[in-house]
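Atoms within each ligand, like the ligands themselves, are counted from 1 in listed order. Computed over heavy atoms, backbone and side chain alike; hydrogens, waters and symmetry mates excluded.
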Amino acid sequence: MPATALASDDSPEDERHSTASPESINQVHVEVQDGVPMYQITRLGEPVVEPSPLGFLLEDAPDLDGPFAITEVETSTFDETWEQVWGEKQFIRNHYNEMRIHLTEQEDPERDLVVTFRVYDDGVGFRYEFPEQEGLEEFRIADELTEFRLTGDHASWYIDAYQWNRFEYYFENTPLSEADTVHTPLTMRTEDDLYISMHEAALVDFSTMTLERTGENTLKSNLMPWSEGDRVRVTDTRVSPWRTFQLADTPGDLITSYLILNLNEPNKLEDTSWIKPAKYNGIWWEMHLDKSTWNRGERLGATTENAKRYIDFAAEHGLDHVLVEGWNEGWDEAWYESGVVFSFTESIPEFDLEEVAQYALDNDVRLMGHHETSASVLHYEDQMHDAFALYEDLGVRAVKTGYVGHGTEIVRYDEDGNEHNEWHHGQFMVNHHLDVIELAAEHQIALNVHEGVKSTGLRRTYPNMMTSEVAKGREYDAWGDAGGNPPDHTATLPFTRNLAGPFDFTPGMVDLHFDEYRPDNRIKSTLAKELALYITIFSPLHMVADLPENYEEQPEAFQFIKDVPTDWYDTKVLNASIGNYITMVRKERGGDDWYLGSITDENGRVLSAPLHFLDADTRYVAEIYRDGTDAHWDHTPYDMVTEERLVDHTTELTLRLAASGGQVIRFRPATDEDIERLE
Ligand code: NOJ
C-alpha cells in the first residue's frame, strides 16, 4: 500500500497527517497543536505513543520550539532488499512508507525544520533535519524536546545512564515508573504483551540519546552534554540520528527486526573483500585470571614465545586471529589511572612484534592488534595514524581497541587551551569513534571496540566496524564483585544489549572454575550453555576465549566451538522470554547447516523446538550437545551428553535445560551412511 497524505499539500497547516506501514500495522500521525508539532504512534489503531512534542532549545540562536505550522508534507514508499557484507541475516528487506513534515516558524526568524518519519511493519524511526538557512548556520543544541509519552507503566529492562562505569552494569527489570534516566536500548513489555525497544540509529556527529523519565509514563530525549553544558554542536551534519521504536508481538521478533540497520546508510566501503567474519583466541583470559600480567615481570603474558604458542594452537584448530594484549610500552605504569602512557607503535623488549606477526602469517593466522587507550583519546589520536599503518604493514586485519576510564574522564582542550572532561558517550567521543572507523578502513582493518559508544547500526555503512563490548562482558566472570555474572545475565542480553548490535562477549569457556587463580569467582553456566552463547550472542568476530590447555580437557565441547560459524544466512527465534530463556537457530552462510542454541537462567526448563525451519526435502543429522540428567550450573556444570539422531522438518525436539544450562545442535544434511548408521 502506498503512503497516503491525509491532507493536500496546498493547505496542510491545520491538518493531522498520517501514514501507515506497508501492511498497515503501524501508523504515525503528526499535527501542530498550539504551535507545537506533535507526533503519535499507533499499532493496529491502538496508541503506542500518545501525542508527544518535537523541537529543540538552542544556545546561541532562538529556540526551535515553535510556534510552527506544517508547510509541506512529502510522502513516499521504499522497498529494497540489500545484502549484508556479513551478519545475522544475509538479505534484508527495507520496506517502509515515509512522511517528511516541513515545519516553518510562524514568527521571526521563520526558520524551517524538517522531521522525517519512516514507518515499517516492525516499527518506526524519525529524525530531524536542519536545513541550511539564515539564522541556522552553525548552532548549539541546549536540549532536545522530543518526548515519548508512553501508554502505561510498562515492564522495562534498562541500565541507568550517567554512571561512572559507562555501560558496564547488569540490566535492571522494573516498572517504567522506577526508571530515572536510562541508556538505550530500552526494552519494554506492555500489559497487552506488546514488546517495544527504544533506541537510536545512525548516531553520527551528535550526542548519545539517553531517556529521562519526566512524567509518569513519559520519557524525554536527554542528550549527553559537552562539558560546557551544551548538548550538540551542529555544523556540517544537518540531521539527527533516528529515534527508533521496534514493535513486536513476541520478544523474539525484536531480535529479528532489522529496523536499526535499515535506517543506516548503505555500505560506503568500496572494497569489502578483506572483511572476514572470524574466530580468534589470544593472550587475554590468562591476564584476567591473573595467571599472567599485562605489565612486565616474571608473569608477563605478552612474550614472543607465549604468542607463538597461541598461534600454533590457532593454526592447528582453524582459528583466524590471535589477540595479544600487553604487547606495547605503557602497561608498567598505572595506566588505568593517569593514562597518557601508551605507545601504540613500540613493543616491549620481550615481545618481538614483527617476528610474531610474521609467524602468524606463516601459519595462515593473523595477529589481532590491541590499542588500549585508557581513555587518553588525544594521546591516541596523536599516534593512531602511525599505529594503524604499522599494523597494516604487518598484515593485521583486525584491531581491538579499549577506552578504560571513568565516565567523564576523556580530556579535551578548547581553542583557548582550557582542559575539559568529556563523557564517553558525548558528541566528542561519537566523532572520535567514527574517525577511528574511517581510519581503520583506510588501512583495511576491522574493529572490535571495548568501552566505546553503544552500537546504532553503523556496521551497515562501515562493515569494518565489526563488533564491540559496551556492556558487562566476560571479564566480570573472572573478577566481578558478584563472583561471576549471574545466570540470568546472558538470558537478558539478547533482548537488550544485543538489540543494538554485535557483542564481543568472548564465549567459549570450558574451564568453569579457576580456583587456582580466582577462587571467589567462577562461570555460572553449564558447559552446554557456554557453547550456546555462540548462537544466542551474535558477533562476526567471536573469541575462543579459554586457555589453550583447557580445550585439550574438553575435546567434544571444543569440536562444536571449531564447527560453529560466525556469519549467517538467516536467524530465527523458536521461543523466548526476556531474562528467562531463549532458543535461536541460525543457518550458516554459503552452506546447508543450521545451528541451534538454547539457554536458560537459574531455572531449569523443558522447551519445545519444532524443526519446521529445516529444508522439507532433506533429512538431517542432529549433532546434539545437551545438559546431562544431573547437570546443574552450581554443582555439576560439566555434565554434558553428546549424541546424534536423524531429524527432519516435521520433528519436534524437546530441549531439557538444567539450571543455568543450555543446549546446542548442529543440523547437517545426512549422508546415506548416516541414515544407515542412525536409523
Ligand atoms: C577492558 C577490556 O574490556 C578488556 O577486554 C581488556 O582486556 C582490558 N580492558 C585491557 O585493555
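Near E372, with a cut-off below 4.0 Å to any heavy atom, the atoms of ligand 1 are 9 (N), 10 (C), 11 (O). Interface atoms of ligand 1 facing W294, defined by a heavy-atom separation under 4.0 Å, are 7 (O). Shown in contact with H288 at under 4.0 Å from a heavy atom are these atoms of ligand 1, numbered in order with element: 4 (C), 6 (C), 7 (O). Heavy-atom contacts of H370 reach the following atoms of ligand 1: 11 (O) (cutoff under 4.0 Å). Taking a cut-off of under 4.0 Å to the non-hydrogen atoms of V404, the atoms of ligand 1 that pass are 1 (C), 9 (N). Those atoms of ligand 1 with a heavy atom of E469 less than 4.0 angstrom away are 3 (O).
Taking atom 1 (C) of ligand 1 as the reference point, the nearest protein heavy-atom neighbour is E451 OE2, 3.0 Å. Annotation: atom 6 (C) of ligand 1 to nearest protein heavy atom, E325 OE1, 3.4 Å. Among all non-hydrogen protein atoms, the one lying nearest atom 4 (C) of ligand 1 is E475 OE1, 3.2 Å. Taking atom 5 (O) of ligand 1 as the reference point, the nearest protein heavy-atom neighbour is K400 NZ, 2.7 Å.
Side-chain atoms of H424 and Y403 include no donor-acceptor pair closer than 3.5 Å. Judged by distance alone, the side chains of D504 and Y280 do bring a donor and an acceptor atom under 3.5 Å apart.
Taking the six-membered ring where tryptophan is involved, the planes of Y625 and F560 are perpendicular, since the angle between them exceeds 60° and thus also 30°. Aromatic ring orientation, Y638 versus H513: tilted (interplanar angle from 30° to 60°). F167 and H183 have parallel rings, their planes meeting at less than 30° on a 0 to 90° scale where 60° marks the start of perpendicular. Taking the six-membered ring for Trp and thresholds of 30 and 60 degrees, W479 and Y476 have ring planes inclined between 30 and 60 degrees apart.
Remark: ligand 1 and W284 share an N or O pair separated by less than 3.5 Å (distance only, no angle test).
Counting heavy atoms under 4.0 Å from ligand 1, residue W331 touches it through the side chain alone.
Every heavy atom of R474 sits 4.0 Å or more from the atoms of ligand 1.
Residues R497 and S468 are in side-chain contact: their nearest non-hydrogen atoms beyond the backbone lie under 4.5 Å apart.
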I would like to know whether F558 and H317 meet ring-ring contact (aromatic ring centres under 6.0 Å, His included); could you show each step before the answer? CA-CA 9 Å; F558 192 38; H317 298 290; 4.8 Å; yes
Is there a side chain to side chain contact (heavy atoms under 4.5 Å, CB included) between I348 and D332 once you walk through the steps? CA-CA 10 Å; I348 52 173; D332 290 343; 5.7 Å; no
